[in-house]
Each structure stands twice: as C-alpha cells, then as structure tokens.
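Computed from heavy atoms alone, side chains included, the values below leave out hydrogens, waters and symmetry copies. Chain naming here is simple, since letters A, B, ... match the order of the sequence lines and numbering starts at 1 in each.
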There are 2 protein chains.
Amino acid sequence: MRADARKNHDHVLAVAGAVIAEQGAEASMRDIARRADVGLATLLRHFPTREALLEALLRTGFDELTVKADALETSSSPEDALVSWLRDFVACADNYRGVVALMMSAIGDKQSALHASCVTMRAAGTRLLARAQAEGVARTDIDGTDLFALAGSLAWLGDQPSLAPRVDHLFGVVMSAILTDPASADARTTAAPGNR
Amino acid sequence: MRADARKNHDHVLAVAGAVIAEQGAEASMRDIARRADVGLATLLRHFPTREALLEALLRTGFDELTVKADALETSSSPEDALVSWLRDFVACADNYRGVVALMMSAIGDKQSALHASCVTMRAAGTRLLARAQAEGVARTDIDGTDLFALAGSLAWLGDQPSLAPRVDHLFGVVMSAILTDPASADARTTAAPGNR
DNA sequence: ACCTGAACACCGTTCAAGT
DNA sequence: ACCTGAACACCGTTCAAGT
C-alpha cells in the first residue's frame, strides 16, 4: 500500500471509530466519509462493506479476547475463567451499539467480513465452556453456539437504552443457569446410585 | 371514518401484514404501498409511523396474550402459568422478524405507538412473576422489567436465522434460572435458622 | 373527506474521469 | 496507484393539487 493510501486508511478508520462509537454500527457511510474529509468512494474502497469497516474496528478487541481466553485457561478456575471471559465479551460487543446484531448474522454468513472473527470468538468461548463442563461446574446440555447466542443476547440488551442498566444483573441471572453447583453435580454422579 | 376509507385501511393493513411477515418489520413503506396499489402518502396517513402500523398488526396477538395471562392466573400452577405465557409471548414477538427490537425501544419511549402495548405486556408478565415469587417457585431478585428483557432477548435470538433453532432450548435454559426449586426455597426460609 | 403525484433530502453502489 | 464527483436507484417526509 502506498504511503498516502496508508495514511488515508488510518485516518478514515479513526474517524469511523469515533462516529460509530457515538451513532452506532448503522451510522451513515456518507457521514463517516464527510467527517473524514474524504470522498465516499474512497471510504468504500478502503472498506468495501460496513462489515469490513467494523471488522477493522473490532479486531483489536477481539484479538485481546482471544489472548485472554488462552490466559484464563491456566490462570483461573474453570468457573471464574468462563464468567470473566463472557463478561468481557459482552462489554466488548457493547463498545459499538448495534454491532452484536451484525455479529449474530455474520456467524452464519461465510461471506461476511466479520465471519472469521465470530467463529474465533465462539471457539474461544467453547474451549472455556468445555473445561468448565469437564470439571462439573457448567451444565452439559449446552454447546459453544448456545453460549455465543446467550452472550450475544445479553450484549443486545446492552444496546437497548431502557434495558442497558439491567444487563449486569441479568448477566448474573443467565450465568446462574449455565453454572452448576459442583457439589450437586458430584451428588448426581456419585450419590443415590439407584436413582435413574 | 368514511366507508371507502375504512375499506382502504383494512386492505392496506392486510397487505402490510403479508409483506412484514415475509420481509420483517423494516420492510419498505413504499413497497407496502406499492403492493397494496395505493399511494405512499395514503399508507402514511392511515399509519403515520412504522410503529403505528405494527401496533395495528400486533394488537390482536397482544390482546390474546393479556386475556391468556388472566386465565392462567387461576387455571394453572404459578410455575406453569409463567412458563406457558412467556413461551407464547416469545412466539408472538417472533411472528414478525425485527418487531422485538422496536418493542424494547418502545417500552422506554412514551411517544411510540407501541408504548402502551409494551407496558401492558410487561404488566401481565409482572403479575405472573409476582404470583410465582409469592409461592416460592421463582427467584425474587428479578422484577417485571427483567423478565420483559429476558423474554425479549430470547425473541431477538429467534430473529437471527442462524440461532433461531436454538431458541426453544435456550428458553428452557433461561427458565431454569428464573424458576427455583420450591423445596430448596422452603429450606432457605425454614431450615438453618441461625444462618444469616 | 379522502387520495396522490411530485419535490425534497437522504441513503449505498458504481464508474468514468482526473491526479 | 490512488482518489473523487456525478449518476443511479432507492428510502421516508411533506404538501399542494385533485376528486
């Protein structure tokens, strides 16, 4: 990429981040180009679709989440790791209002520029879930897609102004459904052997 | 209203229902008018906003849900009543893709044509929740707004093509977080009196 | 009263023409 | 190579003019 193009790219991306942070993921591409003092066609050549633009904006946060998932796998208990990572995932998705809707659509659309990132996020969550399940602290009748869906639905609530204040609380409610008491899980497998 | 206007109103509403059922709540108003063989301005005078149009489309289902909530209050156990009503609520919201996003926005916007309907739905759910809580079968740290948010988030998942097949399962997961085992609830209030 | 075409200010897409 | 103005087909809003 030529030096002037690189500069244009970075400048446009920075402006787009500011506009989308305040207006949400559905902000007008024309408006972003205007605010960046650049032709609309220029913006669209750097980022041919809205998804491509958002992918560039979200990449940093997503990469951090992937690294964090790896770190948590050894540094924390299975339960704490899962809860902490999901909390960060929801917070990351809520950085840009409306982005989680695009993510949920992208997970099923291989053409989307966000597809790979979403698959990576789901895989990271799946690993943390599997460890928790293996240790008996997470229910075993859900998989990584279910987890991705539940986390996404919480992030979506964060996009709704009237419900956003409830998200922290509802996060705890949903987590209580995912996590199982290890004692009772133990009881299920070791006690009352005649119980079917 | 004049007879010809009434006829126009009903015809437009029927066509709008068909278009929105297939294209979702964000269907083009212009397209609805075209399909109804009516001027765009005519559509907009009958239904000045998208919310007004959706309110008319949803009214029947919402009224049924309100009636059903009353009936369930005496015909079913608190637990079954709450679960059954919430299941119907989610199914109703999923009749038109995208409508739940407008509902969540409308609950906090008194100007919206959907506001009254949403408040009514929340009130009906709140009554069923309160009864379940009083009987010790629902956790007491959530209120009607939390319930509305959780049900809405499940309905939103139903709008996502890739996640819709999971909604029934995830409904059960979320319900397991809301419902409490009456035995253990009993244990909390009667056993271990020294426990604070 | 009720309806509607047309003008308006937007949107994202596309491409020929400029530097 | 990289950029951009302009044309295009859309959108919802508004209103003067018709029946």
Side-chain angles (χ1 to χ4, degrees), chain A residues 1-57 96-99 101-102 105-106 109 111-114, chain B residues 1-57 96-99 101-102 105-106 109 111-114:
Chain A
M1 189 181 300
R2 238 164 54 179
D4 58 336
R6 156 67 50 193
K7 191 180 161 192
N8 233 328
H9 178 98
D10 295 347
H11 171 62
V12 161
L13 189 59
V15 172
V19 173
I20 288 178
E22 76 182 39
Q23 300 191 13
E26 304 299 332
S28 153
M29 298 292 272
R30 234 187 186 92
D31 194 41
I32 292 170
R34 268 194 295 260
R35 296 259 296 253
D37 270 312
V38 118
L40 171 59
T42 302
L43 167 63
L44 290 169
R45 202 165 32 73
H46 283 293
F47 307 101
T49 64
R50 186 181 298 278
E51 279 89 17
L53 177 56
L54 283 165
E55 198 275 333
L57 285 173
Y96 299 110
R97 187 163 31 92
V99 82
L102 290 171
S105 145
D109 172 16
Q111 305 309 312
S112 168
L114 281 166
Chain B
M1 190 181 300
R2 238 165 54 179
D4 57 338
R6 156 68 49 194
K7 192 180 162 192
N8 233 328
H9 178 98
D10 295 347
H11 171 64
V12 162
L13 189 59
V15 171
V19 173
I20 289 177
E22 77 182 37
Q23 300 191 14
E26 303 300 331
S28 154
M29 298 292 271
R30 232 187 187 92
D31 193 41
I32 293 170
R34 267 193 297 260
R35 296 259 296 254
D37 270 311
V38 116
L40 171 59
T42 303
L43 167 62
L44 290 169
R45 203 165 32 74
H46 283 294
F47 307 101
T49 64
R50 187 181 296 279
E51 279 87 16
L53 176 57
L54 282 165
E55 198 274 333
L57 285 173
Y96 299 111
R97 187 163 32 91
V99 81
L102 289 171
S105 144
D109 173 15
Q111 306 308 312
S112 168
L114 281 166

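As rounded to whole Å, 15 Å separates atom P of dG12(C) from atom CD of Glu26(B). In this structure, Met29(A) places its CE atom 16 Å from C1' of dT4(D), rounding to the nearest Å. Atom CG of Asp10(B) is separated from atom C1' of dC2(C) by 15 Å (rounded to the nearest Å). Rounded to an integer number of Å, the gap from Ile32(A) CD1 to dC11(C) P is 11 Å. Spacing between atom CZ of Arg6(B) and atom P of dA1(C) amounts to 17 Å, rounded to whole angstrom units. Going from atom NE2 of His9(B) over to atom P of dC3(C) covers 11 Å, rounded to whole Å.
For His46(B) and dC3(C), the shortest distance from a side-chain N or O to OP1 or OP2 is below 4.0 Å. For dC10(C), the OP1/OP2 oxygens have no side-chain nitrogen or oxygen of Ser28(A) closer than 4.0 Å. Dashed line: the shortest gap from a side-chain N or O of Arg30(B) to OP1 or OP2 of dC10(D) is not under 4.0 Å.
In this structure, the side-chain hydrogen bond (donor to acceptor under 3.5 Å, both in side chains) partners of Asp31(B), at least two apart in sequence or on a different chain, are Gln23(B). Residues satisfying the salt bridge (charged side-chain N to carboxylate O under 4.0 Å, His left out) criterion with Asp10(B), sequence neighbours excluded, are Arg6(B). Applying the side-chain hydrogen bond (donor to acceptor under 3.5 Å, both in side chains) rule to Glu26(A) yields no partners; only residues at least two apart in sequence or on another chain are considered. Not counting sequence neighbours, the partners of Ala25(B) by the side chain to side chain contact (heavy atoms under 4.5 Å, CB included) test are Leu54(B), Leu102(B). Residues forming a ring pair (Phe, Tyr, Trp, His ring centres under 6.0 Å) with Tyr96(B) (at least two apart in sequence, or on another chain): none. Checked against salt bridge (charged side-chain N to carboxylate O under 4.0 Å, His left out), Glu51(A) has no partners two or more places apart in sequence or in another chain.
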ask   = So what does the secondary structure string of DNA chain D come out as, 5' to 3', with Watson-Crick or wobble pairs under 3.5 angstrom, [ ] for crossing and | for pairs with another strand?
value = ||.|||||...|||||.||
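Here the closest non-hydrogen pair linking Gly17(A) and Leu57(A) is CA-CD2, 3.6 Å. The shortest heavy-atom contact between Met29(A) and Phe47(A) is CE-O, 4.2 Å.
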All N/O donor-acceptor pairs, side-chain side in residues 33-43 of chain B, below 3.5 Å, sequence neighbours left out:
residue, atom, partner, partner atom, Å
Arg35(B), NH1, Glu22(B), OE2, 3.4

N/O contacts under 3.5 Å, protein versus nucleotides 17-19 of chain C?
none

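For Asn8(A), taking side-chain heavy atoms from C-beta onward, the closest of the listed nucleotides dT13(D), dA7(D), dC3(D) is dC3(D). In the set dC3(D), dC3(C), dG12(D), the nucleotide with an atom closest to the side chain of Arg45(A) is dC3(D).
Within residues 34-44 of chain A, the residues having any heavy atom closer than 4.0 Å to DNA chain C are, in order of number, Arg34(A), Leu40(A), Ala41(A), Leu44(A).
Between atom OG1 of residue Thr49(B) and atom CD of residue Gln111(B) there is a gap of 11.0 Å, rounded to the nearest 0.5 Å.
Contact check for Val99(B) versus Ile20(B): no side-chain heavy atoms found under the 4.5 Å cut-off.
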